[in-house]
Every structure is written in structure tokens, then in C-alpha cells.
Asks: 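Can you keep this structure in mind? I'll have questions shortly.
Each chain gets a letter, A, B and so on, in the order the sequences are listed, and its residues count up from 1.
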2 protein chains.
Amino acid sequence: MSIEIKIRLNNNLYLRDPQETTLGQRIIKDGIILIDEIGLEQFNFKKLAKKIGSTEASIYRYFENKHILLIYLVSWYWEWISYLIDMRTMNIESAEKRLKIIIKILAHASKNDPAINYVDQDILHRLIIAEGTKAYHTKAVDSENQKGFFLNYNQLTDKIGKIILEINPHFAYPNALASNLFEMANNHCYFAQHLPRLTDVQVEGDNFGEVEKMLCYFAFTLIGKVNEAE
Amino acid sequence: MSIEIKIRLNNNLYLRDPQETTLGQRIIKDGIILIDEIGLEQFNFKKLAKKIGSTEASIYRYFENKHILLIYLVSWYWEWISYLIDMRTMNIESAEKRLKIIIKILAHASKNDPAINYVDQDILHRLIIAEGTKAYHTKAVDSENQKGFFLNYNQLTDKIGKIILEINPHFAYPNALASNLFEMANNHCYFAQHLPRLTDVQVEGDNFGEVEKMLCYFAFTLIGKVNEAE
DNA sequence: TTATTCTTGATAGTAAAACTATCATTTGTT
DNA sequence: AACAAATGATAGTTTTACTATCAAGAATAA
């Protein structure tokens, strides 16, 4: 007996729902691990098939190609962040406090949730940081956006944007700030580790505390309300 | 007779300097056009060779592969932005005014400079917006960074960061803000056109005025000095 | 229980991508 | 005129990104 969390995603993202079968779950689980290991460019379905002891053809029965698999994983991440936000900001009155919690989630992604055993969330977080934006930086953005492939990102931005407006209803850029907090969280975790001259924060191991602090400073300074929560 | 601007780039980025020959310049010129047209994923040297009436083998004599060509183009852009900043902020006393000029450059990239006829800067700007970050989001970042492939971005960040510190010497995140202004400029031009729910700005044609305005608001609010220039 | 269907595995094959090698021209230099 | 350097032409290799076919096993329905 255990609680099982199922993350619902646009069913045009897959040919067969990977969450429904053990093979599908292994594609997700080891797909994340392998992309993290060798990078999206070196990754392909043949290598993944070998890793999970299956065949290329079988993986193609679940996902059209690796690009769609990436969008699936990224969507999964967006939806999971959304879920974490809902869980952890529930019953919290202060919008400032809620935004602080959101920023913590964006920076740390959070430790593994045992309720989902076919996704290693720490590795997925690293994958999103390194490869995430490739999902929507292609010539197919417009058509894929129309199919709703990026709905989860849009909704996440909406959700954070609304909380920003709660703090300051006159703030002119709620959605831009929301998406920027997300992108900045990922970028500066990456920069700290690979291109340190592009940032001022430092990351020791997987402690993204400084990233969180910076995002808080940026967000609350921009929104223009002194953080009453402290 | 004409003035010719030569942009110096890390010579490990190419096997033969493309700026030195007509074939090299055509690789750059039409390479930019073709990547913009079909996207980096669909782009390859065979198609480029056909476009410029040359051969695959000849292009490989200039660049190791399309990834290195991308880094070359991105570096060219960084260096060119740097040059524009130097030109247009020269002799301007006020650091605030200089930052405003920089933000204008980042958002608009600027119209074509006839001094460089083998690079269409408007198209390059669009390419950077769509494909730029792929240059440093790979498994090879660390080794390529060590080879100095991203030096131009580091230096650009330094340059902007120093001006930010001139405005407010106590600002804690000069480099992070600098790189974020660059990334945000590109992201929100892209979002406005392809994923409008992720931003609040609108872009009509190639008028990035709203992006510029937003970046100014973000930058000066964060740096914490009222903009005396207005 | 058998029959049927659905899923996976095994194998093979194709077209394109990502190169490398070789040699013949052309062009530019001394 | 002689030489070197750059380019073109051609061909070949390995890997990627698929698609097709058929057989074996598992699940389900009659």
C-alpha cells in the first residue's frame, strides 16, 4: 500500500502513456538518467534501449522522438513544481510568504518525493537546468504551442504571476517576473557551476541557498513591498 | 574605400579564419541566414554547401562542426554588442545613461552596420534569440569554457557589471544582473513572439521598445537609484 | 479452456547526418 | 614558369533516426 501521485500531461505528448506500464516507466526513469549523463545531443533511443534492456522500436512505440520525450519530461517538471507549490502554500495567508516558498521550490526543486518512484527528481532538476529551454527553442514552437505542449509552463507562470499581483496589484510585469524567476533559478544554478563569471552566487554541492536568496532579493525589490514575513 | 571592422575571436573556434576569405565570409553570411531559416536542428553543412554553391568538405575546412560554428556566431554577437556599447557610451559621464544605452542595445541589437557586410546583424540577432543558449548548454561547457570559447560573454558581463557597480557600489549582484539583462532581453523578445503568456510585453514587428522599457524598470529598480537621467 | 488481442522483442532495412580521405583543378605568389 | 595553397569533385564510413515485419509472451474475454 502506498500513495501514488499521477501527473497528468497532454496526451499528444506520447503515443502510449508511459505512466501506465513498467516499460513506459523505465523509459522515463532511465531516460532522465541517461540524458543527464551524456547530454541531449549524445542521447538517442538506441542507447536508452540498451540501458533498459529493450529495443529501439519499443521506445518508439511510446514517444515519437527524443525531442517529444524532452518536452514530456520538461512538462512533467513544470507540473510537479506546480503541485509542490499547491501543497506547500496551502492554507498560507500571506502572499509574500507564498512567494518565498515558491522561490525556494524553484531554486532547490526539492528532495525526492517517495510518492513517485519512477522519476528521480534531483536528476530531473539537473536535466531541466541543463537542457530545459531546448524544449521550446525550436522551429516547431508555434505549432507545438498550439497543440498545448507548453500549457504547463503557461499555467505555472499564471499561478506565480497571480501571487505577485496579490502582493502588489499595480506591478506591471507579473508574468514576466514569474517566468524570469523560473529561468533565472535554472540559469544561475548552471552558471554557478559552469560559467561562474556570469553570476555572483556560489553553489556548494547541491546547496542552492544563495540562488534562493538572490531570487528573493530580486523579486521583492521589484515588486516593491518590503517583505513583511521576516 | 571603406572602413572595415574586424571582430577578433578565439582562434580555436575555427580551423581556417573565415573572415580572411570570400568562401569563409559566405559560410558566415549564409550560415546565419540558413540557421535562422530552418533552425539549428535541421541545419547541416551539406545544406549550407548547396546554398553557397560549395561543398561539405570545404566548409569542414573552416569549422569542425555546426556546434563550433554556432559558438563562433554567438561569440561574434557578444563581441559586436561589446563594440556597440563602447562606441555608444563613449564620453558619456553618467553611468545611468550608459546603462540605459546598453539596455537599448541589448533589446534592439540595432540596425545593420554597413561596415560589416558579411553579417546581417538583424538576422543574427534573431538567431541569437532563438538558438543562442544552445552554445553553452552542452556536456562540453566546462572544457570549452577552459579553451576560452565563452570569454566574450564573460567580458560582456564584466563590462555591464562594472557600470552597474558605478551606479550603486553596494549592489550585491552586478554580474548576475548583467547576464540576466542579456538573457531576459533575448527571452522576452522570444516569448512575446512565440509564448506570449510567459511575458507581459508585446512586440509589434521588430519593435522591441516594450522589452527595453521593462529591462530599464527591472534594472533601475533593482540597483536602487532613481534614474537621474530622465 | 481456448481464442483473441495487445504488448514487447528480434531483426532487418532505409535515408539522412556527420564526418574523412583522396585527387584533380583553380588561383594566387615568387 | 614553377610552386604552393585553397577549393571542388567524388566517394566512402559510421552513426542517427527512423519504419516495417514477424514471432513470442502476457493478459483478457468468450
Asks: Taking side chain to side chain contact (heavy atoms under 4.5 Å, CB included) as the definition, give me every residue that meets it alongside A:Asn44, ordered by chain and number, with sequence neighbours left out.
Replies: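 Checked A:Asn44 against side chain to side chain contact (heavy atoms under 4.5 Å, CB included); matches are A:Lys46, A:Lys47.
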Asks: Give one of base, sugar-phosphate or nothing for A:Tyr62, where a contact means two heavy atoms less than 4.0 Å apart.
Replies: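 Sugar-phosphate, no base atom in range.
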Asks: Looking at A:Arg61, does any N or O in its side chain come under 4.0 Å of the phosphate oxygens OP1/OP2 on C:dT8?
Replies: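 So the side-chain polar atoms of A:Arg61 never come under 4.0 Å of the phosphate oxygens OP1 or OP2 of C:dT8.
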Asks: How would you list all residue pairs meeting salt bridge (Lys or Arg N to Asp or Glu O under 4.0 Å) that involve residues 49-60 of chain B, not counting sequence neighbours?
Replies: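 Passing the test, one end in residues 49-60 of chain B: B:Glu37-B:Lys51.
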Asks: From the 5' end of DNA chain D to its 3' end, which nucleotides mark the outer limits of contact with chain A, defined by a 4.0 Å heavy-atom distance cut-off (strictly under)?
Replies: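 So the outermost contacting nucleotides come out as D:dT16 to D:dT21.
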Asks: What residues form a salt bridge (Lys or Arg N to Asp or Glu O under 4.0 Å) with A:Lys66, not counting sequence neighbours?
Replies: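 Per chain and number, A:Lys66 pairs via salt bridge (Lys or Arg N to Asp or Glu O under 4.0 Å) with no residue.
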Asks: Tell me which pairs pass ring-ring contact (aromatic ring centres under 6.0 Å, His included) where either residue lies in residues 10-49 of chain A, with sequence neighbours left out.
Replies: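 For residues 10-49 of chain A: A:Phe45-A:Tyr60.
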Asks: Mind checking what makes side chain to side chain contact (heavy atoms under 4.5 Å, CB included) contact with A:Ile7, not counting sequence neighbours?
Replies: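 Per chain and number, A:Ile7 pairs via side chain to side chain contact (heavy atoms under 4.5 Å, CB included) with A:Ile5, A:Leu9, A:Gln19, A:Trp76, A:Glu79, A:Trp80.
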Asks: According to the salt bridge (Lys or Arg N to Asp or Glu O under 4.0 Å) rule, which pairs have a member within residues 24-33 of chain B, sequence neighbours left out?
Replies: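 Counting only pairs at least two positions apart or across chains, no salt bridge (Lys or Arg N to Asp or Glu O under 4.0 Å) contact touches residues 24-33 of chain B.
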Asks: Return the angle between end axes of the helix from C:dT1-D:dA30 to C:dT30-D:dA1, with five pairs used per end and rounding to 10°.
Replies: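 About 10° separates the two local helix axes.
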Asks: For each nucleotide in nucleotides 12-20 of chain C, reading 5' to 3', give B when a protein heavy atom comes within less than 4.0 Å of its base, S when such contact involves only the sugar-phosphate, and - otherwise.
Replies: -----SBBB
Asks: Do A:Lys134 and A:Leu40 have side chains that get closer than 4.5 Å, going by heavy atoms?
Replies: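 Yes, at least one pair of side-chain atoms sits under 4.5 Å.
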Asks: Looking at residues 130-143 of chain B, who's got a heavy atom less than 4.0 Å off DNA chain C?
Replies: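 Nothing qualifies; none.
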Asks: Which salt bridge (Lys or Arg N to Asp or Glu O under 4.0 Å) pairs, counting each pair once, include a residue from residues 140-155 of chain A, with sequence neighbours left out?
Replies: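 Found none.
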Asks: Can you name the residues that form a ring-ring contact (aromatic ring centres under 6.0 Å, His included) with B:Phe150, not counting sequence neighbours?
Replies: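 For B:Phe150, no residue satisfies ring-ring contact (aromatic ring centres under 6.0 Å, His included) once neighbours in sequence are set aside.
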